[in-house]
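Report on the structure given below.
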Amino acid sequence: MPKPNIPPSWSSQLAVYLGTIGAAVGLGSIWRFPYLAGTYGGGLFIGIFVIACVFIATPLLVAEFMIGRYSHLAPPVAAGAMAVDIGASRRWDVIGLFGSSAAFLICSYYSIVAGWVIAYAWKCARGALAGLPRPALHAEWEHFLADPWALMGWQVLFLGAVAFISARGLGRGIELASRIRAPALLILLLLLDAYSLATGDVAKAMRFAFAPHFSALSGEVVLAAIGQAFYATGVGAAVMLAYGSYMSRRSPLVQPALIVTASILLVSLLATILVFPLVFRFHMDPAAGPTLVFEVLPAAFAVMPGGRAIGTVFFVLLILAALTPSLAMFEPIVLWLEARRMRRRLAVLTTATTMWLAGVGSVLSFNVLARWHPIEHVPSLAGKTVFELADFISGNVLLPVGALLTCLFIGWRLNPATFSTEIGSTTPLVWKVCRFMLRYVCPVAILAVLLAAFLPSHP
């Protein structure tokens with residue numbers, strides 16, 4: 001049964017859709033997806049990613065919505081409350097604890113990347129990158145990373161913006177930001193896509209991105225695509241537990257999960273169309289990795305017609321992409337602190353401050369601590385900086401473990417009748433397929449990603 005002290009609810013079903021889309025669609029789709037597609041061969045990676053999103057990530061989204069909507073509690077205690085009601089152990093709270101820890105750790109370094117984006121939007125807007133050759137852009141990037149105070153300053157600016165919105169609560173903060181961001185993000189993406197298609201090497205880009213090169217098929221490509229599906233949808237990070245707690249008992253679960261998945265696929269597709277025509281027109285490397293956005297594309301913006309304005313718009317797009325997912329990653333911690341009688345504004349301030357402090361090591365790993373690798377005795381972790389360790393632990397340990405526990409709890413501990421009741425308005429075929437995926441397919445995929453992360457050959 002629903003618990004007392006129910007938190008505020010979404011104002012409408014549209015708010016549910018926009019809020020959950022805002023929680024999932026972010027830098028993972030616009031910044032991370034194109035360089036992973038470039039690294040792993042384009043079309044084949046994209047095809048596997050689509051399958052993974054639909055058949056693996058979507059059932060997990062449904063399961064997380066289910067836990068949050070049932071309990072109406074903060075993520076760290078949501079699964080345990082549901083477990084007690086079905087006769088299981090409160091120790092299932094571990095689902096929300098893993099997820100909240102992942103959200104906290106991810107935001108501690110995600111906000112650093114978002115700070116880079118704000119800095120580069122400013123650099124483009126004032127013309128600091130205009131006309132610079134590739135070596136000068138590389139030097140600018142290296143100089144930027146070498147200044148820890150600048151990196152922390154830009155991070156504080158971003159965290160401050162997120163905290164300001166979060167402190168306004170669900171209706172006047174999260175909902176309002178999601179309503180503004182969704183159309184703004186789509187409009188900017190479409191404008192940039194039109195420019196890219198008009199000026200870039202479209203034929204070569206489309207062959208690379210959408211022609212399935214089956215010779216490139218490997219376990220590494222499959223696992224990378226599944227991992228990106230987890231990263232892009234945010235499953236395992238407790239954000240959908242938090243946003244699910246704002247749903248009414250009659251709110252459907254499958255529809256918002258499918259809409260989140262469709263939105264991620266659409267934005268990832270539009271990001272691909274934006275990036276690769278420009279990359280191939282200027283004879284750049286599509287497998288340039290994370291620097292694709294901060295070195296490779298600025299080199300194109302520096303010489304293309306209207307590049308200063310286009311570059312500014314592109315980085316503003318990335319700021320919008322980072323904003324609402326960060327709001328969502330605040331929410332599990334803020335709700336937990338509010339449940340301990342802390343006022344929301346103080347809970348938000350505490351969350352933002354501790355996230356900034358937790359990110360100091362990641363900031364210093366690009367300069368002062370660049371040569372420090374804390375865990376050298378573990379082969380899969382040797383050579384990783386603090387930033388890389390934070391990314392690895394959150395993305396390769398906390399997220400998949402949390403997602404796996406969610407599969408075990410919802411797929412195996414809930415009997416079919418309870419599962420059917422809790423999933424809400426859908427057909428018997430849909431809920432049976434969803435339950436089957438959670439019981440058998442999703443756990444195997446998650447275990448594969450989790451184990452592969454610790455193999456010596458894994459990048």
Side-chain angles (χ1 to χ4, degrees), residues 22-24 26-28 31-32 74-76 96-119 145 148-170 173-174 177 231 234 236-243 318-340 342-369 374 385-399 402:
L27 289 179
W31 167 60
R32 196 171 189 263
L97 292 172
F98 267 92
S100 299
S101 300
F104 179 87
L105 190 56
I106 289 171
C107 205
S108 74
Y109 68 83
Y110 189 92
S111 57
I112 296 171
V113 178
W116 299 348
V117 171
I118 297 175
L145 292 183
W149 295 108
L151 297 185
M152 285 189 281
W154 290 109
Q155 181 192 16
V156 166
L157 181 61
F158 178 76
L159 285 173
V162 175
F164 173 79
I165 297 170
S166 180
R168 293 171 62 84
L170 179 63
I174 295 170
Y231 191 97
V239 297
M240 297 309 179
L241 297 181
Y243 279 17
L318 293 184
I319 294 171
L320 291 174
L323 184 63
T324 50
S326 298
L327 277 172
M329 285 186 280
F330 266 49
E331 209 60 13
I333 314 300
V334 171
L335 282 176
W336 182 76
L337 292 174
E338 282 189 298
R340 275 146 185 77
M342 187 178 289
R343 295 173 66 88
R344 183 171 182 93
R345 289 184 180 181
L346 180 58
V348 169
L349 179 61
T350 301
T351 301
T353 302
T354 52
M355 280 179 176
W356 178 78
L357 290 172
V360 169
S362 294
V363 167
L364 297 180
S365 68
F366 292 99
N367 35 75
V368 178
L369 302 180
T385 64
V386 174
F387 181 93
E388 291 165 338
L389 279 174
D391 182 43
F392 183 91
I393 291 170
S394 58
N396 296 93
V397 179
L398 295 176
L399 287 183

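The shortest heavy-atom contact between A238 and G96 is CB-O, 4.3 Å. Closest heavy-atom contact between A347 and E338: CB-CG, 4.4 Å. Shortest non-hydrogen contact noted between F98 and L398 is CD2-CD2, 3.5 Å. When all heavy atoms are compared, the tightest approach of S166 to R344 is O-NE, 2.8 Å. The heavy-atom pair separating S108 from A358 by the smallest distance is CB-CB, 4.0 Å. Heavy atoms only, all atoms of each residue included: S111 and Q155 are closest at OG-NE2, 3.0 Å.
Between the CG atom in L318 and the CD1 atom in I118 there is a gap of 11.0 Å [rounded to 0.5 Å]. The distance from atom CG of L151 to atom OG of S365, rounded to the nearest 0.5 Å, is 9.5 Å. To the nearest 0.5 Å, atom CG of residue L159 and atom CD1 of residue I112 are 9.0 Å apart. With values rounded to the nearest 0.5 angstrom, I106 atom CD1 is found 10.0 Å from M355 atom CE. Atoms CZ and CG, from F392 and L105 in turn, are 12.5 Å apart once rounded to the nearest 0.5 Å. Here the OG atom belonging to S362 is positioned 15.0 Å from the OH atom belonging to Y110, to the nearest 0.5 angstrom.
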Report task. Take S100 and W336 through the test side chain to side chain contact (heavy atoms under 4.5 Å, CB included) and record every step on the way to the result. Result -> CA-CA 9 Å; S100 299; W336 182 76; over 6 Å; no
Query raised in the report: Do T385 and L369 pass the side chain to side chain contact (heavy atoms under 4.5 Å, CB included) test, and can you show the C-alpha distance, the side-chain angles, and the key distance before you say yes or no?
Result: CA-CA 8 Å; T385 64; L369 302 180; over 6 Å; no
Requested in this report: In sequence, state the C-alpha distance, the side-chain angles, and the governing distance for N367 and L145, and then conclude on side chain to side chain contact (heavy atoms under 4.5 Å, CB included).
Outcome: CA-CA 7 Å; N367 35 75; L145 292 183; 5.7 Å; no
Report task. Output, in order, the C-alpha distance, side-chain angles, deciding distance and verdict of side chain to side chain contact (heavy atoms under 4.5 Å, CB included) for I165 and L323. Result -> CA-CA 10 Å; I165 297 170; L323 184 63; 3.9 Å; yes
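For the pair E331/V239, no side-chain contact is recorded, criterion being any heavy-atom separation below 4.5 Å from C-beta on. Counting heavy atoms from C-beta outward, F104 and T354 have side chains that approach closer than 4.5 Å. Using a 4.5 Å cut-off on side-chain heavy atoms (C-beta onward), W356 and V363 make no contact. Taking the side chain as every heavy atom from C-beta outward, P75 and L335 approach each other to under 4.5 Å.
Ring pair F366/W116: centre-to-centre distance below 6.0 Å.
The aromatic rings of Y109 and F387 lie perpendicular to each other, with more than 60° between the two planes, well past the 30° mark.
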